[in-house]
Protein chains: 2
Amino acid sequence: MSKHAKEMGILKEHLGKHQLKFTRQRELILDAFLKQEHITAEEMYHQLARRDPHLGLATIYRTLNLFCEAGLAQARHFGTQTQYDNVSHKGHHDHLICTGCGKIVEFENCDIERLQEEVATQNGFTITTHRLELYGLCSRCRH
Amino acid sequence: MSKHAKEMGILKEHLGKHQLKFTRQRELILDAFLKQEHITAEEMYHQLARRDPHLGLATIYRTLNLFCEAGLAQARHFGTQTQYDNVSHKGHHDHLICTGCGKIVEFENCDIERLQEEVATQNGFTITTHRLELYGLCSRCRH
DNA sequence: ATTCTTTTTGATATAGCTTATCAATTTCAA
DNA sequence: TTGAAATTGATAAGCTATATCAAAAAGAAT
Ligand SMILES: [Mn+2]
Ligand SMILES: [Mn+2]
Ligand SMILES: [Zn+2]
Ligand SMILES: [Zn+2]
């Protein structure tokens, strides 16, 4: 049984439902993606260049977007490049980002989530998604 | 006494401190900017094309960024284009954004702000900025 | 008012990231 | 094995924002 059998199964299920095919590239990229928490398409491109020098950047982008549709990834726009967040093994969360070293810490706070709903209700809105990012310095970078 | 005398004063003070010059374009753009809550550079470009067809897009971008440095504006990245937020007459706030019609509602919630600080402290971070955006449907678009 | 230095402007090229295009290749069900 | 349909990789194109640079404008000093 392969290391990422469960996620590979989720992908295959998604592929099956949408008349998409299981390819060597998709397997390769999923395997590498699941070893990361957050990664950009470019980073993944360089990382995989060793294993398969012919893998195209467009394929990386297409495949990471496919993972988003399959629920395995979520695109996040922290800086200039899109970060693909590996959400295969976790639920909703938000982020603390160190502007010094780029460190990203995930957190979940029910109280904040609840207050967001309150704010929305007060203004007649129904929330579908939200984005909460706290930027600052981690303890190491502050000193 | 002009309509935006106070803000024009803030701009002039900033210009004076930084060896920058007061130009016809800067005056024109500030005047138009202060009539908006949120606006993109392109929108402003088209709006002002009537008054001054020769005004360049680069000048709009430069000038709106100048307003940010002077504390009159804040750049926000809601969608694909940067929204310049007119903060000349208000303090910190976050946003509710309707994905149906594009409506933007501003709000401020001290409890959320406080909880954000708590989260940061728990993780050894010192927050310098944050971004909180709630996306959903406004009451009109839900029905 | 004129001169002169510095800043600004507008047109356009360029950058940076992501998606679109398309011929060649691969998948996979029949 | 065959053949229709999807995928891939190379590269062009799209889109927003900034960089470049010669010409124009600002404004302090004369
Ligand atoms: Mn995350
Ligand atoms: Mn605002
Ligand atoms: Zn750090
Ligand atoms: Zn709406």
Side-chain angles (χ1 to χ4, degrees), chain A residues 8 11-33 38-70 73-85, chain B residues 8 11-33 38-70 73-85:
Chain A
M8 211 61 84
L11 176 60
K12 282 185 179 172
E13 196 177 317
H14 178 85
L15 296 176
K17 280 184 187 162
H18 295 81
Q19 292 175 292
L20 304 176
K21 293 174 176 175
F22 186 72
T23 65
R24 185 178 61 76
Q25 289 88 341
R26 284 173 177 169
E27 181 172 19
L28 184 68
I29 294 169
L30 180 57
D31 206 63
F33 175 67
H38 307 91
I39 193 164
T40 66
E42 292 264 5
E43 282 165 5
M44 178 142 285
Y45 179 61
H46 290 116
Q47 224 178 78
L48 289 176
R50 283 172 250 145
R51 272 193 220 204
D52 183 348
H54 294 294
L55 198 64
L57 179 58
T59 301
I60 307 274
Y61 273 105
R62 279 188 294 237
T63 306
L64 290 173
N65 289 336
L66 171 70
F67 294 169
C68 290
E69 277 153 28
Q74 274 178 18
R76 310 262 188 189
H77 306 273
F78 293 155
T80 56
Q81 284 183 256
T82 302
Q83 294 273 349
Y84 289 86
D85 193 335
Chain B
M8 210 62 83
L11 175 61
K12 282 186 179 172
E13 196 177 316
H14 178 86
L15 296 176
K17 280 184 187 162
H18 296 80
Q19 291 174 292
L20 304 176
K21 292 174 178 177
F22 186 74
T23 65
R24 186 178 60 77
Q25 289 87 341
R26 286 172 176 170
E27 181 172 19
L28 184 69
I29 294 169
L30 179 56
D31 206 63
F33 175 67
H38 308 90
I39 193 164
T40 67
E42 291 265 7
E43 281 166 4
M44 179 142 286
Y45 179 62
H46 290 116
Q47 227 178 75
L48 289 176
R50 283 172 249 145
R51 272 193 220 202
D52 183 347
H54 294 295
L55 199 64
L57 180 58
T59 301
I60 307 275
Y61 273 105
R62 280 189 294 237
T63 305
L64 289 173
N65 288 337
L66 171 70
F67 294 169
C68 289
E69 277 153 29
Q74 275 177 18
R76 311 261 190 190
H77 306 272
F78 293 153
T80 55
Q81 285 183 256
T82 301
Q83 293 273 350
Y84 289 86
D85 193 335

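Naming: A, B, ... by sequence-line order, numbering from 1 per chain. Below, each value reflects all heavy atoms present in this structure, side chains not excepted, and no hydrogens, waters or symmetry copies. Since we're looking at a predicted model, the values are computed, not measured.
Atom pair A:H18:NE2 and D:dA5:P shows a separation of 19 Å (rounding to whole Å applied). Atom CD1 in B:I39 sits about 15 Å away from atom P in D:dT16, given to the nearest Å. Between B:F22 atom CZ and D:dA25 atom C1' there is a gap of 14 Å when expressed in whole angstrom units. We find that CG of A:L11 is positioned 11 Å from P of D:dT7, with the value rounded to whole Å. For A:L66 and D:dA6, the CG to P distance is 14 Å, given to the nearest whole Å. The distance from atom CD of A:Q25 to atom P of D:dA6 is 17 Å, rounded to the nearest whole Å. The distance between atom CZ of B:R76 and atom P of D:dA17, rounded to the nearest whole Å, is 16 Å. To the nearest angstrom, P of C:dG10 lies 11 Å from CG of B:L48.
B:R26 comes within contact range of the sugar-phosphate backbone alone, with a heavy-atom separation under 4.0 Å but no base atom that close.
A distance of 8.5 Å separates CD of A:E27 from CG of A:L30, quoted to the nearest 0.5 Å. To the nearest 0.5 Å, atoms CD (A:Q47) and CD (A:E42) are separated by 13.0 Å.
Among the nucleotides D:dT16, C:dT8, C:dT18, the one closest to the side chain of A:L57 is C:dT18. For B:R62, the listed nucleotide lying nearest its side chain is C:dA11; candidates were C:dA11, D:dG9, D:dT7. Out of D:dT16, D:dT8, C:dT9, the shortest distance to the side chain of B:Q81 is found at D:dT16. If you check D:dA17, C:dT18, D:dA10 against the side chain of B:Y61, the one that comes closest is D:dA17.
Considering all non-hydrogen atoms of both residues, B:A75 and B:C68 come closest at N-SG, 3.8 Å. Pairing each heavy atom of B:Q83 with each of B:I39, the nearest pair is OE1-N, 3.4 Å.
Look at B:N65 and you'll find a side-chain N or O under 4.0 angstrom from OP1 or OP2 of D:dT18. For B:T82 and D:dA17, the shortest distance from a side-chain N or O to OP1 or OP2 is below 4.0 Å. For the OP1/OP2 pair of C:dG10 and a distance below 4.0 Å, the side-chain nitrogens and oxygens of B:T59 include at least one atom meeting the criterion.
Residues B:Y45 and B:L15 each lie close to DNA chain C; by heavy-atom proximity, the contact nearer the 5' end of the strand is made by B:L15. Each of B:A41 and B:R24 was assigned the nucleotide of DNA chain D with the nearest heavy atom; the assignment lying further toward the 5' end belongs to B:A41. Along DNA chain C, the nucleotide nearest to A:A58 and the one nearest to A:T80 differ in position, and the one closer to the 5' end is contacted by A:T80.
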Notebook entry, point to check: Stepwise, does the side chain to side chain contact (heavy atoms under 4.5 Å, CB included) test hold for A:F67 with A:I29?
Noted result: CA-CA 10 Å; A:F67 294 169; A:I29 294 169; 3.9 Å; yes
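Evaluation of atom-type donor-acceptor distances gives a pair under 3.5 Å for the side chain of B:K21 against the base of C:dT6.
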